[in-house]
Amino acid sequence: MAILSLPLALPDLTVSGSPLRAAAIALALTWCLRTISYILHVRKLPPGPPKHLLLDNRGDMPFPVSQPWKSFQVWHRKFGSIISLYLGRKAVVSLGTIGMATELLEKRGGIYSSRPKAYVVGDILTRNMRGLGMPYGQRWRNWRALMHASMGIEASNGYKPLQDAESKVLLRDIYQNVDTPKSHPDSIRRYAVSIVTVVSYGRRIASLSDPLVLAQDKMDHYYITASVPGKFLVDIFPILSWLPASLQWWRAEPEAHFHEDSKLLLGLMHEVRGRMERGVAYASTATRALEKQGAFGLDDLETAYALSAPFGAGAGTTLATVDFFMVAMLLYPEAMGKAQEEIDRVVGRDRLPEYDDSAALPYLHALIKEVMRWRAIAPMGVPHCTTADDVYEGKVIPAGTTVIASIYTMSQDAETFPEPDKFRPERYLENPQLPYSFLFGFGRRVCPGLHIAQNSLFILFSRILWAFDVLPPTDVTGTPTFPDPDATVGGLVLKPAPFDYRLVPRAAHAQGALETIIITEAEKADVQLGAYD
Ligand code: HEM
């Protein structure tokens, strides 16, 4: 086991006077031992920016600390496709090519599939029961088996009727509000949220003010706030976690949230159990989990937390991708025109695009891939963590190292994607082997929701482009305003900085005909969706 990750023993509290004094001695001793182990390891790590004894590498970043993926790209160019650095006392290894990430995260997945330890959001706030951050091990395997059962290709196909109906409702929302384009993002969010709540609980969301949405938003808001580096000292100085619980001054707040969240999540799960007992539950991750709770090996609380994964990981990611789609359509109208031309040719004017049209729309598929590559919404994936020491090309990667797939660096690699900053769907037509799945991560932790996500993107993009032109807002003089494609907000998941767009019914459609199709289809969808209310 790596020295860096040795669970160092606490000094005997009974012989050192007061617990506080003992804790201070423990802190000092640990700090010394950690520093020694750091010096021993540092030369064996993969290359990277200079390692300092006291400071980490944040001060060396060529880009603002809030955009580490850009600094990683610069360092990959300078030091190679595998680099190391320090964030706090934590060794971080970044992988800058798809090949390298496949080699380590996939082929050596047995030791590269955990998540970095999170003292507050992991140990206290969620008791490590939220899937995205769950440490590798039996509980994660149980959880992941449930995710596969409810989001594999076949199960995902089962959600297509829902995505079909919800996207019709969305088209009507957009059509009826063309004059208030600022309402479109909320309409699209309602779509995305409704999909993940049906996936989790078999229950659709008709309005964003649904108590389920408000409660989950509140829960996720605290999770994100508590994850901000620096919010809790213990995440920077983990040895503080050795203090007796009664002295852990930071503990009360996340503990209280844990109890509140557990109540909410158990309540949502019991609601499904009740519907199952009454024989009115729609098939979902919850029904699958509860039908075979023993087989999945998850108790009630673990099951309740497992069911929260699609909301946390699936709504924001889909929305961010739709936002970048809008940005790309505004900046590259010729690509939008080509996709519309293909849709018109295949679908015509008398009906909406359907999933059955998928195979006949290669340009649209290329456009979806290019949106995701051009502005990767998860520029550093979700960090993995090693569970054993490893040696790669003579360099040591100790157990407990945070391992990042630098998806931004990969997606902007000019050798694989010439002129990477250009939005050019044609590149995926010219070379159908061009990588794309890396945008969903690597190895055993690869995104389990990727089929659901792809099905959503297909039906949303095809129908939006069939019905509307994406156009920039204009001022009183008619001058258009375009978004800056490099202005982004977020960290783990990126989205464009706030920007405006208009969705204008296409002139290609006779106005009355477009309205008739959109309204008639949405009315049929309302009836279908009644089953999920
Ligand atoms: C365009 C949309 C999406 C993108 C780009 C995306 C991307 C990712 C990435 C990069 C990861 C980390 C993989 C790794 O650790 O190597 C991930 C994990 C995950 N995603 Fe997605 N995702 C998307 C949509 C969704 C959807 C719709 C769902 C659910 C309905 C979902 C559920 C999850 C879950 C539960 C994990 C955690 C997996 C684990 O830790 O084992 N994602 N996703």
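Remember, predicted model here, so these are calculated numbers, not experimental data.
- Between the side chain of D235 and the main chain of Y119, a donor-acceptor pair closer than 3.5 Å is present.
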Show the atom names and distances, to 0.1 Å, of all donor-acceptor pairs under 3.5 Å that link a side chain in residues 392-399 to residues at least two apart or in another chain.
none

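- Taking all atoms of both residues into account, the shortest heavy-atom contact from R445 to G133 is NH2-C, 4.4 Å.
- Remark: A497 engages A487, V489 in a side chain to side chain contact (heavy atoms under 4.5 Å, CB included) (not counting sequence neighbours).
- Under the 3.5 Å distance criterion, with hydrogens and angles disregarded, a donor-acceptor pair is assigned to the side chains of Q138 and N142.
- Looking only at atom types and distance, the side chain of T401 has no donor-acceptor partner in the side chain of K90 under 3.5 Å away.
- A donor atom on one side chain and an acceptor atom on the other are not found under 3.5 Å apart for Y223 and D261.
- The side-chain hydrogen bond (donor to acceptor under 3.5 Å, both in side chains) with Y222 is formed by just one residue from the set E260, E253, H257; it is E253.
- Tested against Y136, the residues H384, R144, R444 include a single side-chain hydrogen bond (donor to acceptor under 3.5 Å, both in side chains) partner, R444.
- Residue pairs that meet the side-chain hydrogen bond (donor to acceptor under 3.5 Å, both in side chains) test with at least one member in residues 61-81, sequence neighbours left out, are H76-S94.
- Of all heavy-atom pairs spanning K117 and D123, the tightest one is NZ-OD2, 2.7 Å.
- Side-chain contact, Q293 with R288: no donor N or O sits under 3.5 Å from an acceptor N or O.
- Between the side chain of T197 and the backbone N or O of V193 there is at least one donor-acceptor pair closer than 3.5 Å.
- In plain terms, the two heavy atoms of Y191 and S456 that are nearest each other are OH-OG, 2.8 Å.
- Atom NZ of K495 sits in a sparse spot, with 12 or fewer heavy atoms from other residues, nucleotides or ligands closer than 6.0 Å.
- Side chains of S262 and Y305: a donor-acceptor N/O pair is present below 3.5 angstrom, by distance only.
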